[in-house]
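Heads up: the structure comes next, in structure tokens.
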Amino acid sequence: MIRTQIYLTKEEHQGISLVARTSGQKKSEIIREAIDEFLVKLKPDDKMRKIKKAKGIWKDRDDLDFATIRSEFDRY
């Protein structure tokens, strides 16, 4: 691991301290987990995987009028 230092606001520090006390984890563990989750959300591959996974989820729905829905978007 690489050691680094960061500045936190008072609210951020208090929030991390509270999570550490209630979860029994170290503050550094909580910060690393938060960074890991943030980086996963930013990965383009992950976004594309989610988009591909969602493909076709509404294909069998007969309760939606897609022509009307699309026309509502065209108004803007």
Side-chain angles (χ1 to χ4, degrees):
M1 278 193 224
I2 298 172
R3 181 178 168 83
T4 190
Q5 291 180 320
I6 60 170
Y7 289 100
L8 300 174
T9 65
K10 184 178 179 180
E11 293 79 17
E12 290 166 341
H13 185 264
Q14 287 173 340
I16 291 169
S17 296
L18 177 63
V19 172
R21 278 194 308 274
T22 58
S23 69
Q25 290 180 287
K26 295 179 181 179
K27 289 184 231 179
S28 58
E29 293 173 319
I30 294 163
I31 292 168
R32 282 193 298 272
E33 284 180 20
I35 291 170
D36 289 344
E37 288 180 28
F38 176 76
L39 293 174
V40 165
K41 284 176 29 178
L42 292 180
K43 283 185 183 177
D45 293 340
D46 191 49
K47 287 181 183 179
M48 186 54 72
R49 183 185 56 77
K50 289 176 183 177
I51 290 169
K52 287 180 179 178
K53 186 176 177 182
K55 180 182 175 186
I57 60 174
W58 288 2
K59 68 179 178 182
D60 297 325
R61 297 211 32 196
D62 57 3
D63 60 327
L64 298 173
D65 180 9
F66 289 108
T68 302
I69 293 170
R70 286 186 188 114
S71 68
E72 290 176 0
F73 284 119
D74 290 340
R75 292 186 298 165
Y76 300 102

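Here CD of Q25 is found 11.5 Å from CD1 of I16. Values are rounded to the nearest 0.5 Å. For the atom pair CG (L8) and CD1 (I31), the distance works out to 5.5 Å, reported to the nearest 0.5 Å. A distance of 9.5 Å separates NZ of K50 from NZ of K53, quoted to the nearest 0.5 Å.
For the pair E12 (side chain) and T9 (backbone), a donor-acceptor distance under 3.5 Å is present. A donor-acceptor pair under 3.5 Å is absent between the side-chain atoms of E33 and the main chain of I30, judged by distance alone.
The two residues A20 and K27 make their nearest non-hydrogen contact at CB-CG, 4.0 Å.
Inter-residue side-chain proximity for I69 and D65 is flagged as unmet; no heavy-atom pair is nearer than 4.5 Å. Using a 4.5 Å heavy-atom cutoff, the side chains of I35 and R32 are not in contact.
Residue I6 qualifies as enclosed at atom CD1: its count of foreign heavy atoms under 6.0 Å is above 12.
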